[in-house]
Amino acid sequence: TTLYDQLGSNAQELPRDRCRILPLHSTLSTQEQQRVFERMPRGVRKVVLSTNIAETSVTIDDVVFVIDCGRHKENRFDPINRMPQLMETWVSRANSRQRRGRAGRVRPGHAFFLFSRERSKNMAEYQTPEMLRVPLDELCLQIKLLDLGEVAEFLGRAIEPPAAEAVAEEIKGLQELQALDLREYLTPLGYHLASLPVHVRIGKILLFGTIFRTLDPTLTIAAGLSFRSPFVAPFEKREEADKARKAFAVQRSDHLTLLKAYDGWVKAKEKGGERSYCLTHYLSANAMRMIAQSKRQFVDLLLEIGFLQSDKDIYSDPRGGRQGGGRGGRQGRAGGRGGTNFGGAYYNANSGQTALIKAVICAGLWPNIVRVQPAPPPRPSRDGRPPPPKPPKLLNRDNGEVFIHPISVNFDASITFPSPYLMYFEKVKTTKVYVRDCTMVTPYPLLLFGGDITVKHELQILTVDGWIEFRSMGKVAVLIKHLRQ
């Protein structure tokens with residue numbers, strides 16, 4: 001982004017009538033990405049500023065010159081803090097060779113490397129194995145499901161095994177998720193999660209959404225978490241895109257915001273206004289269609305593991321009318337497997353209850369909770385004008401400070417949170433530690449779906465997982481414990 005802005009502002013050296021600068025990265029809309037394949041008029045130079053998406057995923061056949069900076073941003077996972085990290089590192093020699101091969105696909109080309117031969121000799125031959133860069137929770141569940149023995153012992157046989165501490169932290173996380181018991185055996189919940197080829201937290205959201213009959217909105221939220229955000233932000237219109245996204249904001253929740261945008265897309269699609277709706281609200285139509293396809297796939301998976309009853313008309317739109325196709329349905333207006341809403345009336349009996357939907361999300365995301373600490377009142381400025389509001393401080397379980405990601409609808413210093421707790425899908429470290437896809441959560445979902453509860457009768461305090469405290473009468477605390485059982 002910085003390089004794009006700098007080059008775009010240098011009109012004297014790079015006049016627009018002779019040089020077209022185009023960005024290329026995964027968060028751009030498909031329409032913007034397609035621009036890099038356009039042929040330029042005679043006398044106009046095309047300059048593509050790309051992430052490593054152009055290394056293997058995209059081939060631009062008219063590229064003649066490649067300038068390789070020798071760096072890339074790589075997702076790695078910190079198992080101790082259970083946090084993905086987007087780290088800028090040197091590429092491997094294999095990556096560099098791949099980049100060099102992008103030049104001259106249809107005629108002789110040239111590659112320039114912004115690093116020395118000595119640096120090249122010290123680069124790793126290949127990229128770090130994926131097992132050492134990603135969470136291992138799904139792999140651990142598969143090992144237990146297939147009865148392959150102790151997780152640590154089995155993974156220790158790998159050519160480049162993960163660290164023992166990393167495996168231990170993954171086991172601990174699965175126990176907190178209630179997928180494994182203290183003896184590292186699969187719980188009933190863990191068995192179902194291991195049977196679903198999805199992220200464990202997304203799987204838990206799907207299971208609880210089915211149990212509490214909020215299936216269709218739960219499917220939408222789970223599918224949205226599985227892919228990149230459907231909200232797009234063109235370089236030239238970032239402020240307009242941000243306003244459009246926040247116009248969908250609901251109850252201080254990124255998850256419900258996505259749900260509202262998707263429901264609007266479904267209605268616009270039915271009226272033939274899909275293109276206009278996506279352009280107006282800065283949404284990717286392709287991402288919306290992927291969410292709809294994923295919802296159908298999730299329904300198929302839930303049916304295969306026996307969590308949905310096939311006689312409940314699960315492939316029909318909860319608003320009425322069949323979407324048909326595939327199992328149990330005839331081809332209808334929505335186009336068979338192209339349906340957009342699922343579950344019928346039975347599995348969506350409570351889909352209008354947003355409080356219950358947020359509770360289901362809480363059940364899946366626990367223990368990903370941060371505490372909101374309001375900022376102190378700002379000091380008045382010398383000129384008498386009201387000072388700008390300060391954002392609240394977010395603290396995790398260990399009182400470490402985290403920050404709301406700028407793409408969140410909650411990224412606004414003027415927002416107040418009636419409940420001092422936010423749940424989030426992912427915590428990621430870039431320049432700071434950010435929480436992404438966050439939703440404000442009230443006390444009762446934490447009490448009902450959170451960790452172990454401790455009651456301090458003499459102090460009238462109810463503690464969840466040893467760190468979230470609520471004042472409560474003893475009778476209420478005992479009642480909540482009975483409800484959890």
Side-chain angles (χ1 to χ4, degrees), residues 137-138 141 173-181 186-226 251 253-256 258-259 262 291 294-295 297-309 312 314 318 341-369 421-426 437-453 464-465 468 480-481 483-485:
D137 42 16
E138 294 176 52
L141 287 179
L174 290 171
Q175 290 171 337
E176 289 180 347
L177 198 68
Q178 300 173 348
L180 295 178
D181 61 22
L186 284 175
T187 63
L189 171 63
Y191 177 82
H192 287 299
L193 291 177
S195 303
L196 291 171
V198 298
H199 190 287
V200 289
R201 301 196 185 282
I202 291 174
K204 192 173 180 182
I205 289 173
L206 290 172
L207 296 177
F208 274 69
T210 306
I211 293 170
F212 288 98
R213 296 166 71 181
T214 60
L215 182 60
D216 190 69
T218 301
L219 289 170
T220 301
I221 292 167
L225 293 174
S226 302
Q251 297 184 20
S253 169
D254 288 317
H255 305 102
L256 296 183
L258 168 67
L259 179 61
Y262 178 84
I291 290 174
S294 295
K295 290 177 65 175
Q297 292 169 2
F298 287 159
V299 170
D300 291 345
L301 290 171
L302 290 169
L303 187 64
E304 287 174 7
I305 68 172
F307 222 77
L308 289 176
Q309 300 177 36
K312 296 298 184 183
I314 56 177
N341 297 87
F342 303 95
Y346 179 81
Y347 284 110
N348 288 286
N350 300 315
S351 290
Q353 305 294 327
T354 55
L356 183 56
I357 294 171
K358 290 169 75 173
V360 167
I361 298 170
C362 179
L365 299 187
W366 178 268
N368 291 356
I369 305 293
Y421 298 100
L422 289 176
M423 53 187 173
Y424 63 91
F425 177 65
E426 186 177 55
D437 298 310
C438 59
T439 290
M440 185 186 74
V441 59
T442 52
Y444 279 110
L446 296 174
L447 290 167
L448 293 172
F449 299 112
D452 295 333
I453 286 182
V464 182
D465 231 17
I468 299 178
I480 289 174
K481 293 196 73 171
L483 282 173
R484 285 170 59 103
Q485 295 172 358

Trainee: For Thr214 and Ser351, which heavy atoms make the closest approach, and how far apart are they?
Mentor: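 Heavy atoms only, the tightest pair is CA-OG, 3.4 Å.
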Trainee: Checking the side chain of Asp437 only, and the main-chain atoms of Phe425 only, is there a donor and an acceptor separated by less than 3.5 Å?
Mentor: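 It does not hold such a pair.
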Trainee: Looking at every non-hydrogen atom in both residues, tell me the closest pair between Ala222 and Leu206 and how far apart they are.
Mentor: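 Scanning both residues completely, I find the closest heavy atoms to be CB-CD2, 3.6 Å.
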Trainee: For Thr439, which residues count as a side-chain contact (heavy atoms from CB on, under 4.5 Å) partner, sequence neighbours excluded?
Mentor: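 Residues passing side-chain contact (heavy atoms from CB on, under 4.5 Å) with Thr439: Ser253, His255, Lys358, Met423.
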Trainee: Going by salt bridge (charged side-chain N to carboxylate O under 4.0 Å, His left out), name the residues that satisfy it together with Lys295, two or more places apart in sequence or in a different chain.
Mentor: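 Only Asp216 meet the salt bridge (charged side-chain N to carboxylate O under 4.0 Å, His left out) criterion with Lys295.
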Trainee: Using the side-chain hydrogen bond (donor to acceptor under 3.5 Å, both in side chains) criterion, which residues pair with Ser226? Sequence neighbours excluded.
Mentor: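 Partners of Ser226 under the side-chain hydrogen bond (donor to acceptor under 3.5 Å, both in side chains) test: none.
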Trainee: Working to the nearest 0.5 angstrom, can you tell me the gap between Phe342 CZ and Leu308 CG?
Mentor: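 So the gap between those two atoms works out to 12.0 Å.
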Trainee: Under 3.5 Å, sequence neighbours excluded: what are the donor-acceptor pairs made by side chains of residues 193-202?
Mentor:
unit_1: Ser195; atom_1: OG; unit_2: Tyr191; atom_2: O; d: 2.9
unit_1: His199; atom_1: ND1; unit_2: Arg201; atom_2: N; d: 3.1
unit_1: Arg201; atom_1: NH1; unit_2: Trp366; atom_2: O; d: 2.9

Trainee: List in chain and number order the residues that pass ring pair (Phe, Tyr, Trp, His ring centres under 6.0 Å) with Phe212, two or more places apart in sequence or in another chain; answer none if no residue qualifies.
Mentor: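 Ring pair (Phe, Tyr, Trp, His ring centres under 6.0 Å) check on Phe212 returns Phe449.
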Trainee: Check whether Tyr347 reaches the backbone of Gln309 with its side chain - one donor and one acceptor, N or O, closer than 3.5 Å.
Mentor: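 Checking the backbone N and O of Gln309 against the side chain of Tyr347, a donor-acceptor pair under 3.5 Å is found.
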Trainee: Pro445: what forms a side-chain contact (heavy atoms from CB on, under 4.5 Å) with it, not counting sequence neighbours?
Mentor: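 Testing Pro445 for side-chain contact (heavy atoms from CB on, under 4.5 Å), a comparison that skips the adjacent residues, returns Ala359, Cys362, Val441, Thr442.
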Trainee: Should Ile369 and Tyr424 be marked as a side-chain contact (heavy atoms from CB on, under 4.5 Å) after you check the CA-CA gap, both sets of side-chain angles, and the distance that decides it?
Mentor: CA-CA 6 Å; Ile369 305 293; Tyr424 63 91; 5.7 Å; no
Trainee: How about Tyr346 and Arg213: do any of their side-chain heavy atoms sit closer than 4.5 Å?
Mentor: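 Side chain of Tyr346 against side chain of Arg213, heavy atoms only: contact under 4.5 Å found.
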Trainee: Specify the closest pair of heavy atoms between Gly224 and Ile291, including all atoms of both residues, with the distance to one decimal.
Mentor: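 Smallest interatomic distance, heavy atoms only, reads CA-CD1, 4.1 Å.
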Trainee: Kindly write out the residues that satisfy side-chain hydrogen bond (donor to acceptor under 3.5 Å, both in side chains) with Gln251, not counting sequence neighbours, or none if the list is empty.
Mentor: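 Gln251 satisfies side-chain hydrogen bond (donor to acceptor under 3.5 Å, both in side chains) with Thr354 once adjacent residues are dropped.
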Trainee: Report the C-alpha separation of Leu365 and Ile205 in whole Å, then their side-chain angles, then the decisive distance to 0.1 Å, and conclude whether the side-chain contact (heavy atoms from CB on, under 4.5 Å) test is met.
Mentor: CA-CA 8 Å; Leu365 299 187; Ile205 289 173; 4.1 Å; yes
Trainee: If the condition is side-chain contact (heavy atoms from CB on, under 4.5 Å), which residues does Asp181 pass it with, not counting sequence neighbours?
Mentor: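 So Asp181 forms a side-chain contact (heavy atoms from CB on, under 4.5 Å) with Arg183, Tyr185, Thr187.
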Trainee: Of all residues at least two apart in sequence or in a different chain, which pass the salt bridge (charged side-chain N to carboxylate O under 4.0 Å, His left out) check with Asp465?
Mentor: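 Testing Asp465 for salt bridge (charged side-chain N to carboxylate O under 4.0 Å, His left out), a comparison that skips the adjacent residues, returns Arg397.
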Trainee: Donor-acceptor pair, distance only, cut-off 3.5 Å: does the side chain of Asn350 make one with the backbone of Ile357?
Mentor: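 Absent.
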Trainee: Checking Phe307 now: which residues fulfil ring pair (Phe, Tyr, Trp, His ring centres under 6.0 Å) with it, not counting sequence neighbours?
Mentor: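 Partners of Phe307 by the ring pair (Phe, Tyr, Trp, His ring centres under 6.0 Å) criterion, ordered by chain and then number, come out as His192.
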Trainee: Once you round to the nearest 0.5 Å, how far does CD1 of Ile305 lie from CG of Asp300?
Mentor: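 One finds 12.0 Å between CD1 of Ile305 and CG of Asp300.
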Trainee: Can you name the closest pair of heavy atoms from Leu177 and Lys204 and give their distance?
Mentor: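 Where Leu177 meets Lys204 most closely, the heavy atoms are O-NZ, 3.2 Å.
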Trainee: Quick one: list whatever passes side-chain hydrogen bond (donor to acceptor under 3.5 Å, both in side chains) with Ser294, sequence neighbours left out.
Mentor: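 For Ser294 there are no side-chain hydrogen bond (donor to acceptor under 3.5 Å, both in side chains) partners, ignoring immediate neighbours.
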Trainee: Apply side-chain hydrogen bond (donor to acceptor under 3.5 Å, both in side chains) to Glu176 and list each qualifying residue two or more places apart in sequence or on a separate chain.
Mentor: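 Per chain and number, Glu176 pairs via side-chain hydrogen bond (donor to acceptor under 3.5 Å, both in side chains) with Arg82.
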Trainee: Evaluate the side-chain contact (heavy atoms from CB on, under 4.5 Å) criterion for residues Ile468 and Leu447: first the C-alpha distance (whole Å), next the side-chain angles of each, then the deciding distance (0.1 Å), finally the verdict.
Mentor: CA-CA 9 Å; Ile468 299 178; Leu447 290 167; over 6 Å; no
